[in-house]
Amino acid sequence: QVQLVESGGGTVQPGGSLKLSCAASGSIFGIYTWGWYRQAPAKQRELVSAMSRYARSYYADSVKGRFTISRGSTENTVTLEMNDLKPEDTATYYCAAGTGDGVYDWWGPGTQVTVSS
């Protein structure tokens, strides 16, 4: 079993930046894929970015060139650096981890990101 906890959310003005972190505990050696999802009010949850064990990365078209997913300073952390934030990036962001490509077995509770002037 794996437990995930996100941190780093908050409120920023348009054009600002935030860095989200996801820390995993438990049986982390089984993790193959990391992902960041987001869900805005009245919208479906969408995959924002993902990274596999072999560091292949995926980005949704809406965030390409602005967001970067990477390993954190320790083996059990993943970060999502978000630059040039827009009001449409406002959502609850969830960290997810799984045992295969596109397979997410564990989820964090989410962290709120609000982009507003």
Side-chain angles (χ1 to χ4, degrees):
Q1 192 68 287
V2 173
Q3 295 78 42
L4 303 174
V5 177
E6 305 94 341
S7 61
T11 300
V12 294
Q13 293 185 341
S17 299
L18 281 175
K19 187 174 184 178
L20 305 182
S21 293
C22 176
S25 60
S27 302
I28 65 171
F29 297 107
I31 295 176
Y32 179 85
T33 300
W34 297 84
W36 285 96
Y37 280 77
R38 68 186 179 188
Q39 187 167 21
K43 291 190 176 181
Q44 288 190 328
R45 188 174 296 190
E46 63 171 341
L47 179 63
V48 174
S49 182
M51 184 173 68
S52 73
R53 179 178 293 173
Y54 300 104
R56 290 180 300 164
S57 301
Y58 161 85
Y59 297 95
D61 287 343
S62 59
V63 306
K64 279 181 182 176
R66 300 188 297 121
F67 289 13
T68 303
I69 190 171
S70 61
R71 291 285 193 185
S73 57
T74 60
E75 183 65 25
N76 66 325
T77 59
V78 171
T79 63
L80 183 70
E81 187 166 356
M82 306 185 295
N83 297 312
D84 190 23
L85 283 161
K86 306 175 186 299
E88 51 264 41
D89 295 317
T90 295
T92 300
Y93 283 70
Y94 299 90
C95 176
T99 54
D101 273 331
V103 177
Y104 296 102
D105 304 284
W106 306 286
W107 294 82
T111 186
Q112 178 66 35
V113 170
T114 302
V115 185
S116 174
S117 56

Taking Val115 as the starting point, is it possible to reach Val48 by hopping between hydrophobic residues whose side chains are less than 4.5 Å apart?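 Linked within one cluster.
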Heavy-atom closest contact ([X] atom, [Y] atom, distance):
{"X": "Ala24", "Y": "Trp34", "answer": "CB-CH2, 3.6 Å"}
{"X": "Tyr104", "Y": "Ala96", "answer": "CD2-CB, 3.5 Å"}
{"X": "Ala91", "Y": "Ala40", "answer": "CB-N, 3.8 Å"}

Any side-chain heavy atom of Leu85 sitting closer than 4.5 Å to one from Gln13?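 Leu85 does not reach Gln13 side chain to side chain.
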Can you tell me how far the [atom1] atom of [X] sits from the [atom2] atom of [Y], to the nearest 0.5 Å?
{"X": "Ser57", "Y": "Met51", "atom1": "OG", "atom2": "CE", "result": "6.0 Å"}
{"X": "Tyr58", "Y": "Ser52", "atom1": "OH", "atom2": "OG", "result": "14.5 Å"}
{"X": "Asn83", "Y": "Arg66", "atom1": "CG", "atom2": "CZ", "result": "9.0 Å"}
{"X": "Met82", "Y": "Ser17", "atom1": "CE", "atom2": "OG", "result": "8.5 Å"}

Can you see whether [X] engages [Y] through a side-chain donor-acceptor pair at a distance of less than 3.5 angstrom?
{"X": "Thr79", "Y": "Ser70", "result": "yes"}
{"X": "Glu6", "Y": "Trp36", "result": "no"}
{"X": "Gln39", "Y": "Thr92", "result": "no"}

Parallel, tilted or perpendicular: which describes the rings of Phe67 and Tyr93, with under 30° parallel and over 60° perpendicular?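 Correct class here is tilted.
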Please lay out, stage by stage, how Thr77 and Ser21 fare under the test side-chain hydrogen bond (donor to acceptor under 3.5 Å, both in side chains). CA-CA 7 Å; Thr77 59; Ser21 293; over 6 Å; no
Run the salt-bridge test on Lys86 and Asp89 with the 4.0 Å N-O cut-off and return the result as yes or no.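 Between Asp89 and Lys86 there is no salt bridge, as every charged N stays at least 4.0 Å from the carboxylate O atoms.
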